Amino acid sequence: MNREEITGIVTEIMCDVFDLDDLEYSDDLSAEVIDEWDSLSHIRFIVAVEKRFGFRFSSAEIEGFSKVGDLVDSIAAHIA
Amino acid sequence: MSDPFALPWLLPPPADFRARLKAIRTADGVDAAGLRALVQFALDATQLEQAGRVVSARAADLADAGLRPLKLGIVASHTAKTIAYALPAAALRHGLLLSVDLADYGQAAQALLDPRSSLVQAAPDVILLALDAQALGLARPCLDASEAEATVTRALDYVAALRAGGRDHAGAPVIVQTLVPPVESLFGSFDGQLAGTVRWLVAEFNARLLRDVTGSGDLVLDVAFLASTVGLAQWHDARLWHDAKLPFAVEALPLYADKLGGLLAAFRGLSRKCLVLDLDNTLWGGIIGDDGVDGILLGQGSGTGEAHLAVQAFALDLRARGIVLAVCSKNEDAAARLPFTGHSEMLLREEHIAVFLANWTDKATNLRTIAATLNIGTDALVFLDDNPAERAQVRQELPEVAVPEVGANPADFVRILGQAGYFEAISFGDEDRGRAAMYSANAERAAALTNISNLADYHASLEMVCTIAPFDDAGRARIAQLANKSNQFNLTTRRYTEADIAAIAADPARFTMQVRLADRFGDNGMISVLIFARGAEEWRCETWLMSCRVLGRRVEEAVLAHVATAARAAGAARLVGEYIPTAKNAMVRDHFAKLGFVKTAECADGGTEWALDLATYVAPALPMKLE
């Protein structure tokens with residue numbers, strides 16, 4: 001799976017979890033720019049990503065994500 | 001296939017869930033039926049939260065649409081926001097319009113012990129006390145036997161103090177939770193034997209908690225049991241606990257919320273009352289009309305036959321706890337009854353079935369007939385059928401009927417029906433034990449009526465005995481149950497908890513009546529409840545309700561004579577009645593007029609006030625013995 005395919009899936013999950021009708025993906029997206037992204041929806045987001053890609057992040061990995069691009073890099077490394 | 005996390009008794013959510021929810025959210029008027037249909041799917045945590053937001057935003061409209069409001073306070077020692085957000089949608093699935101007040105995280109003692117706390121001020125109807133082993137000091141071993149006992153006692157004392165706080169300050173019953181044992185053990189199997197291991201502490205706490213709460217009016221959500229149905233390793237998510245103090249895995253939230261919603265509905269008297277059973281390929285394997293009594297599969301050591309027998313055993317067990325059984329089958333009546341009389345392995349007999357409908361009419365119509373015969377709403381029915389087409393037809397026609405997705409394998413039927421929890425109850429008494437037999441007797445009474453043309457003769461033939469007594473401790477649970485369940489024959493639809501009933505019973509300014517009716521077919525149990533406020537001049541009726549199964553038996557005239565006699569003896573001049581209209585109580589709009597009251601006031605909302613002059617009132621002769 002290439003990076004573009006991963007970002008496509010992550011965008012779908014974000015629309016679903018954050019209840020957005022339309023979202024233009026960029027690596028810089030973060031809780032600062034998406035209102036619906038709070039600490040609780042963040043957890044549901046992470047769990048949905050894990051379920052979709054079939055692995056689990058460590059607490060350290062989760063704590064290291066500051067924007068979506070970090071998450072996508074981590075997914076790419078996990079499923080490589 | 002029966003992973004409890006997936007709520008397998010519900011249909012999976014449709015692909016256009018978000019679009020449908022958005023359409024409801026943005027429409028001008030609220031589509032209550034559409035929203036109720038959406039929450040009937042097996043929603044995940046995200047979908048529950050999204051639907052919950054719409055429920056909360058449209059609460060006023062939904063209340064106007066006839067949904068029962070309930071205010072829940074949550075006090076938790078862990079993050080409970082996810083629970084608070086998911087609950088309104090999960091509760092709506094069970095027919096409740098829930099609003100939630102969440103006390104600040106970790107502020108259990110402050111919220112319940114301080115009468116000025118914002119939780120107490122919010123005046124919740126019921127309070128969820130969600131504590132975890134960490135907060136109770138039970139998450140680490142303490143391997144000294146007497147210290148272990150003392151640790152559990154301290155934890156229970158703390159819970160008891162919080163429960164008392166809820167009762168004394170908020171006047172609300174408290175839902176406590178059992179603790180989920182950890183996945184990890186210290187020794188292994190030996191943990192269970194050794195006082196002070198965490199597994200021992202949790203088991204001891206749970207056992208003593210269940211004993212403490214029984215009969216207190218407080219309720220239990222058995223989270224330990226819920227977790228055991230899915231497995232401890234699935235339930236606990238250590239990472240989420242460490243990162244966010246979430247009490248369980250995200251995947252567990254829909255199950256937890258559904259079961260809590262079901263418990264709240266049971267508290268409000270909204271549990272289902274009747275299990276309607278299909279016959280072919282549900283109660284036995286095969287088609288009776290084609291295979292004959294010797295050809296159907298039932299018991300006899302065949303896996304399929306044993307699975308169908310297990311369905312019958314479960315239905316009988318439900319009947320023994322008060323669930324009414326009915327049959328709804330597409331069959332010739334004579335053929336459908338054959339196994340009940342002529343198959344040696346049948347556990348269910350005709351006398352267990354209160355209403356038996358085998359014909360070629362569509363099932364939705366038959367379900368309406370069953371509900372009408374039993375004098376209950378179609379929303380009190382659960383319909384068990386192996387045929388997906390029949391299930392779909394009933395869901396389409398009668399969305400309020402619970403129709404479990406039981407799958408294609410009869411071996412799963414009992415488990416899925418049990419997991420769904422349609423018959424959740426918060427107490428079990430003599431009334432419940434006898435209920436199924438009572439409904440069967442009622443069906444016989446209906447049959448007797450068709451043979452007697454004259455109503456007076458019919459009444460005389462019933463040999464009725466009506467017993468009227470003031471509220472007492474023994475009747476309290478049933479009085480509260482009736483007050484919460486009665487919607488149709490209910491003049492004011494005021495709801496009372498058991499604690500309220502106890503307070504009213506002790507109040508010298510109140511005159512109370514609990515009414516029972518027996519006849520030659522059986523004891524109907526307690527069927528009517530009245531509360532009057534005694535004044536010097538007038539006695540004012542605060543609550544007058546009656547079970548619809550004794551409609552047309554002149555019980556209301558008997559109770560009026562009783563209260564009129566008491567009021568007259570106390571020197572009052574009149575009785576005053578009030579009718580408060582709701583979506584469901586139109587049948588008693590003219591109740592007071594029929595009893596000879598004169599209308600004294602009319603309100604804009606359709607409500608009316610009535611008075612009965614005691615100087616001119618004459619009690620009628622009644623076809624029953626009064627005790």
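Computed from a predicted structure; not experimentally measured.
In this structure, no portion of Leu253(B) lies under 4.5 Å from any heavy atom of chain A. For a residue to count as touching a neighbouring chain, one of its non-hydrogen atoms must lie under 4.5 Å from one of that chain's; by this rule Leu246(B) touches chain A with the side chain only. Using a 4.5 Å cut-off between heavy atoms, Glu36(A) does not touch chain B at all. Val47(A) touches chain B through its side chain: at least one heavy atom from C-beta onward sits under 4.5 Å away, while N, CA, C and O do not. Using a 4.5 Å cut-off between heavy atoms, Phe17(B) makes no contact with chain A at all.
Other residues, nucleotides and ligands contribute more than 12 heavy atoms inside 6.0 Å of the CZ atom of Arg44(A). The number of heavy-atom neighbours closer than 6.0 Å to CZ of Phe55(A), taken from other residues, nucleotides and ligands shown, is above 12. Within a 6.0 Å sphere centred on CZ of Arg3(A), other residues, nucleotides and ligands contribute more than 12 heavy atoms. Within 6.0 Å of CD in Glu32(A) there are 12 or fewer heavy atoms belonging to other residues, nucleotides or ligands.
Side-chain contact between Ile43(A) and Asp243(B): absent, with no pair of heavy atoms (C-beta onward) separated by less than 4.5 Å. Between Asp237(B) and Arg56(A), some side-chain heavy-atom pair lies under the 4.5 Å cut-off.
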| task | Evaluate the side-chain contact (heavy atoms from CB on, under 4.5 Å) criterion for residues Cys15(A) and Arg18(B): first the C-alpha distance (whole Å), next the side-chain angles of each, then the deciding distance (0.1 Å), finally the verdict. | result | CA-CA 10 Å; Cys15(A) 284; Arg18(B) 281 182 58 223; 4.1 Å; yes
| task | Before giving the answer on side-chain contact (heavy atoms from CB on, under 4.5 Å), spell out for Gln47(B) and Asp19(A) the whole-Å C-alpha distance, their side-chain angles and the decisive distance to 0.1 Å. | result | CA-CA 9 Å; Gln47(B) 292 164 328; Asp19(A) 203 9; over 6 Å; no
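Contact detail for Lys22(B) and Asp21(A): the closest heavy-atom pair is NZ-OD2, 2.8 Å.
Contact check on Asp44(B) versus Lys51(A) returns no salt bridge, with no Lys/Arg side-chain nitrogen under 4.0 Å from an Asp/Glu carboxylate oxygen.
The closest donor-acceptor contact from the side chain of Glu49(B) to the backbone of Val17(A) lies at 3.5 Å or more, if one exists at all. Proximity of a side-chain donor or acceptor of Arg239(B) to a complementary backbone N or O of Phe57(A) within less than 3.5 Å is detected.
One finds the OG atom of Ser41(A) at 11.0 Å from the NZ atom of Lys81(B) (value rounded to the nearest 0.5 Å).
Contacts with chain B were tallied for Ile62(A), Asp16(A), Ile46(A); Asp16(A) has the most, counting heavy-atom pairs under 4.5 Å.
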